[in-house]
Amino acid sequence: MKNPLSSTNTNEPNFFEQVYQVTKLIPYGRVTSYGAIARYLGSAQSSRMVGWALNSSHKSIDEWIPAHRVVNRIGMLSGKHHFPGSDTMKQLLESEGIIIEDDQIIDFEKLFWDPNKELG
DNA sequence: AATGTGACACAAT
DNA sequence: TATTGTGCCACAT
């Protein structure tokens with residue numbers, strides 16, 4: 001069956017799912033970066049893949065992935081174009097109390113949640 | 001089986 | 001200091 005986690009043959013089985021799992025652990029009102037997730041998964045140079053994984057996350061109708069809580073390392077909403085509406089990502093974040101100005105998260109460093117530090 | 005792609009990150013200008 | 005270019009790795013075709 002069309003299993004979205006179909007791990008083929010890599011070192012890391014289910015890279016996508018691992019991205020989803022970590023993303024789901026991001027606390028409400030907090031954010032993290034693609035690179036942070038990539039490092040946590042042991043592939044520091046796969047940050048681009050994290051974005052790709054999140055791109056496919058909307059297909060996982062079963063589970064809710066808070067993809068809006070993942071931005072690039074400087075706190076810009078680089079993935080906003082991949083959401084349904086032009087400002088969906090921004091609105092989702094603002095609904096969690098995050099202030100955004102010109103696609104840039106204010107106090108990004110304060111809100112930053114690093115899985116490497118928080119999880120292990 | 002091989003080549004192209006991408007919601008990044010970093011080094012070199 | 002602000003841009004520009006290159007590497008990187010797992011997935012899709």
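Per chain, numbering begins at 1; letters A, B, ... match sequence-line order.
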- Task: Please work out if A/Asn55 contacts a base, only the sugar-phosphate, or nothing of the nucleic acid, heavy-atom cut-off 4.0 Å.
- Result: base
- Heavy-atom closest pair, residues A/Ala36 and A/Thr32: CB-OG1, 3.5 Å
- Would you call A/Val22 and A/Pro115 a side-chain contact if the rule is heavy atoms closer than 4.5 Å? yes
- Whole-Å distance, A/Glu17 CD to C/dA10 P, equals 16 Å
- Message: Checking one residue: A/Ile106. Which other hydrophobic residues are in its cluster under the side-chain 4.5 Å linking rule?
- Response: A/Ile99
- Base-pair map of DNA chain C as dot-bracket, where | denotes pairing with a different strand and pairs are Watson-Crick or G-U under 3.5 Å: .||||||.|||||
- Query: Is there a side-chain contact between A/Ser78 and A/Tyr34, using heavy atoms and a 4.5 Å cut-off?
  - Reply: yes
- Message: Between A/Lys90 and A/Asp103, does any NZ, NE, NH1 or NH2 come within less than 4.0 Å of an OD or OE carboxylate oxygen?
- Response: no
- Just how far, in rounded Å, is P of B/dA7 from CG of A/Leu77? 14 Å
- Message: I need a per-nucleotide contact map over nucleotides 1-6 of chain B, read 5' to 3'. Cutoff is protein heavy atoms under 4.0 Å; write B for the base, S for backbone only, - otherwise.
- Response: ----BB
- Query: Can you name the salt bridge (charged side-chain N to carboxylate O under 4.0 Å, His left out) partners of A/Glu96, sequence neighbours left out?
  - Reply: A/Arg69
- Is there a side-chain contact between A/Phe15 and A/Leu41, using heavy atoms and a 4.5 Å cut-off? yes
- Message: What is the separation between atom CG on A/Asp87 and atom P on B/dA7, rounded to the nearest whole Å?
- Response: 18 Å
- Quick one: does A/Tyr20's side chain get under 4.5 Å of A/Asn14's, heavy atoms only? no
- Interatomic distance where NE2 belongs to A/His81 and C1' belongs to B/dA7 [whole Å]: 10 Å
- Where at least one partner belongs to residues 105-115 of chain A, residue pairs that pass side-chain hydrogen bond (donor to acceptor under 3.5 Å, both in side chains), sequence neighbours excluded: A/Asp114-A/Asn116
- Task: Would you mind reading off the distance between A/Tyr40 atom OH and B/dA9 atom C1', rounded to a whole angstrom?
- Result: 21 Å
- Item | Rounded interatomic separation in angstrom, taking CZ from A/Arg39 and P from C/dC9 | 15 Å
- Item | Of the listed nucleotides B/dA7, C/dC11, B/dC8, the one nearest the side chain of A/Ala67 | B/dA7
- Item | Selection: residues 28-35 of chain A, any non-hydrogen atom under 4.0 Å of DNA chain B | A/Ser33, A/Tyr34, A/Gly35
- Looking only at side-chain N and O atoms, does A/Ser78 come under 4.0 Å of OP1 or OP2 in B/dC8? yes
- In whole angstrom, what separates A/Ile74's CD1 from B/dA7's C1'? 13 Å
- In terms of ring plane angle, is the pair A/His68 and A/Trp64 parallel, tilted or perpendicular, where the classes change at 30° and 60°? tilted
- Item | Value in whole Å for how far the C1' atom of C/dC11 lies from CG of A/Leu54 | 14 Å
- Message: Would you say that A/Arg39 contacts A/Gln45 through its side chain, given a criterion of any heavy-atom pair below 4.5 Å between the two side chains?
- Response: no
